[in-house]
Amino acid sequence: PILYSYFRSSCSWRVRIALALKGIAYDQVSVNILRDGGQQFSTEFKAVNPMQQVPALKIDGITLSQSLAIINYLEDTRPNPRLLPQDPKKRAQVRMISDLIASGIQPLQNVGLLKHMGERKTEWAQQCITSGFQALEQILQHTAGRYCVGDEISVADLCLVPQVANAERFSVNLGPYPTITRINKALLELEAFKVSHPSRQPDTPAELRA
C-alpha cells in the first residue's frame with residue numbers, strides 16, 4: 001500500500017492510526033499542503049485524488065480517498081482488530097461520533113477554509129471547535145467507557161485524537177471537556193497512536209519532531 005499523507009493533516013492521521021492498529025505495512029508519499037502553493041493541487045496528485053486532498057491510499061489495486069471510506073475499507077478487508085462494534089447500537093454511536101468530528105468540526109477549521117478567513121482564522125477555528133466539543137462532550141458522557149464508545153478502540157477514537165490535537169494547536173481551552181481530555185490521554189498512551197503521531201512522520205520538520 002501507498003499512503004499519500006501530510007504529517008499534520010488530521011484526516012491523514014486517522015488513516016495512519018488505522019494502518020498501525022491493523023499492522024499494515026505501507027509506503028508513505030508526502031504531499032505538503034502548504035508548500036509550493038499546496039502540492040495537493042499538482043497535476044500529478046490530481047491524477048491520484050481528483051478532490052486534491054490528503055489522504056489517499058493505493059491498496060489492493062484501487063485508490064481510495066476520504067479518511068472514513070479508507071478506514072471502512074480496511075475494516076471490511078482486514079477486520080482484526082475490529083474498529084466497529086458488532087452491537088448495532090454501539091456501531092451507530094461510533095459512526096455518529098465519527099461523523100460529528102469528520103463532518104461537523106474538522107472541515108470548518110481546515111487549511112483550505114482558514115486561508116479565506118484572514119486575520120479571523122484563529123478566532124474562527126476556536127469557535128468551530130468549541131461549538132463541536134460542547135456537543136461531543138455531552139454525547140461522550142453517555143457513550144464512553146475507557147474510550148469513546150465503551151472500552152474498545154473504535155473509528156470514533158481515530159477521529160477524536162487528531163481533532164484534540166487541532167484544538168490544542170488553536171489554543172482552545174479544554175477545561176470544559178473532561179471526558180474528551182480523559183479519553184484523548186488514554187489513547188495517546190497506545191503504541192499505534194504514538195507511531196502515527198504528526199511529530200514522528202517522515203515529513204515532520206526537524207523542529208517539530210518528537
Side-chain angles (χ1 to χ4, degrees), residues 1-35 39-40 53-57 59 64-72 74-75 78 81 83 94 97-98 100-102 105-107 109-111 114 125-126 129 132-133 136 140 144 146-149 151-174 177-210:
I2 300 172
L3 177 67
Y4 295 81
S5 176
Y6 177 59
F7 80 101
R8 198 175 247 170
S9 156
S10 57
C11 301
S12 298
W13 189 1
R14 295 171 196 157
V15 174
R16 294 196 302 262
I17 299 167
L19 291 165
L21 284 168
K22 291 178 178 292
I24 302 168
Y26 62 95
D27 293 324
Q28 192 165 162
V29 174
S30 171
V31 181
N32 191 313
I33 63 176
L34 300 179
R35 188 179 299 153
Q39 293 176 350
Q40 71 273 29
Q53 297 171 334
V54 290
L57 183 69
I59 189 168
L64 294 170
S65 61
Q66 300 300 322
S67 61
L68 294 186
I70 294 169
I71 292 167
N72 282 325
L74 297 177
E75 184 72 358
R78 295 151 175 86
L83 297 177
V94 166
I97 293 164
S98 302
L100 188 157
I101 297 169
I105 304 176
Q106 187 274 327
Q109 45 92 106
N110 70 9
V111 170
L114 288 181
Q126 290 172 340
I129 296 168
F133 273 16
L136 182 58
L140 291 176
R146 181 164 175 78
Y147 306 121
C148 283
V149 178
D151 296 325
E152 302 295 325
I153 297 170
S154 71
V155 179
D157 300 298
L158 277 57
C159 294
L160 179 83
V161 168
Q163 186 54 59
V164 173
N166 282 350
E168 292 172 339
R169 194 152 54 91
F170 288 113
S171 302
V172 172
N173 175 21
L174 296 177
Y177 317 115
T179 313
I180 292 174
T181 302
R182 173 183 63 77
I183 295 168
N184 183 67
K185 183 179 178 183
L187 289 164
L188 285 175
E189 293 173 358
L190 304 175
E191 186 62 20
F193 288 79
K194 290 179 181 177
V195 299
S196 59
H197 194 279
S199 64
R200 295 177 64 177
Q201 299 314 301
D203 58 332
T204 305
E207 66 273 16
L208 297 177
R209 288 193 169 275

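As the structure is a computational prediction, the values presented were derived from the model and not from experiment. Heads up: numbering here begins at 1 and tracks the sequence.
With rounding to the nearest 0.5 Å, the separation of CG in Asn32 from OG in Ser9 is 11.5 Å. To the nearest 0.5 Å, atom CG of residue Leu57 and atom CG of residue Leu19 are 6.0 Å apart. Annotation: the span from Ser30 atom OG to Tyr6 atom OH amounts to 8.0 Å, rounded to 0.5 Å. To the nearest 0.5 Å, atom CZ of residue Arg209 and atom NE2 of residue His197 are 13.0 Å apart. Distance check: Ile17 CD1 to Lys194 NZ gives 13.5 Å after rounding to the nearest 0.5 Å. Rounding to the nearest 0.5 angstrom, the gap separating the CG atom in Leu174 from the CD1 atom in Ile129 is 9.0 Å.
Sorted by first and then second residue, the side chain to side chain donor-acceptor pair (under 3.5 Å) pairs with a member in residues 14-23 read Ser5-Arg16, Arg14-Ser67, Arg16-Gln201, Lys22-Glu75; sequence neighbours excluded.
Between the side chain of Gln106 and the backbone N or O of Ile101 there is no donor-acceptor pair closer than 3.5 Å. For the pair Asp27 (side chain) and Ile2 (backbone), a donor-acceptor distance under 3.5 Å is absent. For Gln126 (side chain) and Phe170 (main-chain N/O), a donor-acceptor pair under 3.5 Å exists by modelled atom type. Here the side chain of Trp13 pairs a donor or acceptor atom with the backbone of Ser196 at under 3.5 angstrom. Side-chain atoms of Asn184 do not come within 3.5 Å of backbone N or O of Ile180 as any donor-acceptor pair.
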Exercise. How far apart are the C-alpha atoms of Val29 and Leu3, what are their side-chain angles, what is the distance that settles it, and do they pass the side-chain contact (heavy atoms from CB on, under 4.5 Å) test?
Worked result: CA-CA 6 Å; Val29 174; Leu3 177 67; over 6 Å; no

For this session: Could you please spell out the steps behind the side-chain contact (heavy atoms from CB on, under 4.5 Å) verdict for Ile59 and Leu74?
Result: CA-CA 10 Å; Ile59 189 168; Leu74 297 177; 3.8 Å; yes

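Looking at Ile24 and Arg78, their side chains come closer than 4.5 Å, going by heavy atoms from C-beta outward. You'll find the side chain of Val15 stays beyond 4.5 Å of the side chain of Tyr4, heavy atoms only. When side chains are defined from C-beta on, Val164 does not count as touching Val172, because their heavy atoms never get closer than 4.5 Å. Looking only at side-chain heavy atoms (C-beta outward), Pro55 and Ile70 come within less than 4.5 Å of each other.
Scanning for side-chain contact (heavy atoms from CB on, under 4.5 Å) contacts around Ala210 gives Ser199, Arg200, with sequence neighbours left out. Legend: residues meeting ring pair (Phe, Tyr, Trp, His ring centres under 6.0 Å) with Phe193, ordered by chain and number and at least two apart, are absent. Annotation: side-chain contact (heavy atoms from CB on, under 4.5 Å) contacts of Pro205 (sequence neighbours excluded): Phe7, Glu207, Leu208. Residues satisfying the side-chain contact (heavy atoms from CB on, under 4.5 Å) criterion with Thr179, sequence neighbours excluded, are Glu137, Leu140, Gln141, Ala144, Arg182, Ile183. Residues forming a ring pair (Phe, Tyr, Trp, His ring centres under 6.0 Å) with Phe133 (at least two apart in sequence, or on another chain): Tyr177.
Taking each heavy atom of Leu21 and Ala192 in turn, the nearest pair found is CD2-CB, 3.5 Å. Here the closest heavy-atom approach between residue Asn166 and residue Ser10 is recorded as ND2-OG, 3.5 Å. A pairwise comparison of heavy atoms in Val94 and Leu83 identifies CG1-O, 4.4 Å as the closest pair.
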